[in-house]
Asks: 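One structure, as structure tokens, below. Some questions next.
Every value quoted in this text rests on a predicted model; they were computed, and no experiment measured them. Remember, it's 1-based here, ligands and their atoms both numbered in the order they're listed.
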Amino acid sequence: MTTTDIREAVAGSGDRFIYLTAALAALNGLLFGFDTGIISGAFLYINDTFTMSPLVEGIVMSGAMAGAALGAAVGGKLADRLGRRQLILIGAVVFFVGSLTMAIAPTVPILVAGRLIDGVAIGFASIVGPLYISEIAPPKIRGALTSLNQLMVTLGILISYFVNYAFADAGAWRLMLGTGMIPAVVLAVGIVKMPESPRWLYEHGRRDDARAVLERTREGDVDDELAEIEQTVAKQSGTSLRDLLQPWLRPALVVGLGLAVFQQITGINAVIYYAPTILESTGFGSATSILATVGIGVINVLMTVVAIALIDRVGRRLLLLVGIGGMVVTLAVLGVVFYLPGFSGVLGWVATASLMLFVAFFAIGLGPVFWLLISEIYPLSVRGSAMGTVTVANWGANLVVSLAFPLLTANLGKPSTFWLFGVCSLAALAFTYRLVPETKGRSLEAIENDLRENVTDTVATAADESSTISRE
Ligand code: BGC
């Protein structure tokens, strides 16, 4: 992009332009959600075409997560080297190729290859979506715009459920998976209207271009913000994995990694990806199961909206504690319901309601709060690499759970599997209560200062340090 291109791209009224840009960038979240959700319905019918053992089922399901871990691992570096726009464009192309490969896959290995390719794009999207939005957003609305990405993730999942429902009668799993090509094209076209991140431009010596983007997207003077960017860029040089292990950063790393893993091992994606399969086992037909799954998707979106409305008022910790507490209870109920003999009728409905409540509790807590906190608790100088590391852990844990879920239910049975998720949720509750800081209403600088001060004041463990960051 030349300076003239940038001036043309940002020609539009400031506020409208920034919302449009953020919405287009949040298509990354939409694709992330759509491509992870669509498999749930497709799975019911892939089995009719290919015969798969539980292990192979797990591999098909988790191929995308393996790809996403890989995509997240290299995505941060690529975004730095090529630019955010470039990576979004590459991601859109990879999304397209992955969806096409899955749609036409003649064999299971090619289907797995398609899931892997698609996964790499999902990994790129999970990093570059929030990264780009937070860099382009004016500071005063950065929180809301960052959460927009998670809202789009849930919306993407919901749309995938509708698409699944629409193709359910025909059992057209190839069309379900192929539909992912459409948002990929929209994203690729939309990127033409999006300017490069001003921060990336500045870092690459294109200061005039950075100023041009800021001037179009901010009201008033941009000198202060440019000066801030300059300081950050100066501090950031030489950021490596070793910098992340500095003692003063450890508490924040523990919190991020802990939440990344707990967000997954408490079972959300066993429900998101396998909901129709679980619901079918409660006695519903395939189409009814997919319809009930649409209900789960709606609840996920609505509760994320509620979380966004509450997050700056009641704080992150309260939402997390209430959300995870609710997950513990609903998982315990699910275990009991599946444990009881003669499972059908009323119990089927109790199971469905419990699944819905479980998702509601996730959506008000661990879903949005995890992604928001990891964009808040790291100092700007190591934010990219810290978020990258934590995101890889999130996808790694996602991979383990989606691979293990069919094996767990086949070997342990459903009741024990849900109880296992319940025990993990209890651990998540204790972890949150003890270690997760409250960041509501605090500036990123204040959070960073707390981290620095804690380590000079005390020789306590990383755990103790973390818990002293302004906990309410
Ligand atoms: C998680 C995903 C999950 C989604 C469900 C996200 O925050 O990272 O793994 O599928 O929420 O809404």
Asks: What is the nearest protein non-hydrogen atom to atom 11 (O) of ligand 1, stated with its residue, atom name and distance?
Replies: Q150 NE2, 3.4 Å
Asks: Under 4.0 Å from any heavy atom of W371, which atoms of ligand 1 are there?
Replies: 6 (C), 7 (O), 8 (O)
Asks: Would a 4.5 Å heavy-atom cut-off, applied to side chains only, mark V254 and F431 as touching?
Replies: yes
Asks: Kindly indicate whether the side chain of V298, heavy atoms from C-beta on, has any atom under 4.5 Å from the side chain of Y161.
Replies: no
Asks: Give the atom numbers and elements of ligand 1 that come within less than 4.0 Å of a heavy atom of Q263.
Replies: 1 (C), 6 (C), 7 (O), 8 (O)
Asks: Which ligand 1 atoms, with their elements, are less than 4.0 angstrom from a heavy-atom of T154?
Replies: 12 (O)
Asks: Tell me, do F50 and I46 make a side-chain contact under 4.5 Å, heavy atoms counted?
Replies: yes
Asks: Could you say whether the N/O atoms of Q264 and ligand 1 ever approach to under 3.5 Å?
Replies: yes
Asks: Just to be sure I read this right, does ligand 1 sit under 4.0 Å from the backbone of T304, its side chain, both, or neither, counting only heavy atoms?
Replies: neither
Asks: Would you give the length of the straight line joining atom CZ of F34 to atom CZ of F95, rounded to the nearest 0.5 angstrom?
Replies: 10.5 Å
Asks: Measure the CZ-CZ distance between F167 and R174 for me, rounded to the nearest 0.5 Å.
Replies: 14.0 Å
Asks: Side chain or backbone of F362 under 4.0 Å from ligand 1, or both, or neither, by non-hydrogen atoms?
Replies: side chain
Asks: Suppose I only count heavy atoms of N398 and a 4.0 Å limit; which atoms of ligand 1 are within that range?
Replies: 9 (O)
Asks: Show the atoms of ligand 1 that are less than 4.0 angstrom away from any heavy atom in I157.
Replies: 5 (C), 12 (O)
Asks: Using a strict 4.0 Å cut-off to heavy atoms of N269, name the atoms of ligand 1 that fall inside it.
Replies: 2 (C), 3 (C), 9 (O), 10 (O)
Asks: Can you tell me which portion of N300 lies within the under-4.0 Å heavy-atom range of ligand 1? Options are side chain, backbone, both, or neither.
Replies: side chain
Asks: Is any side-chain heavy atom of V333 less than 4.5 Å from a side-chain heavy atom of F358?
Replies: no
Asks: Parallel, tilted or perpendicular: which describes the rings of W395 and F32, with under 30° parallel and over 60° perpendicular?
Replies: tilted
Asks: Heavy-atom distance under 4.5 Å between the side chains of F370 and F262, does that happen here?
Replies: no
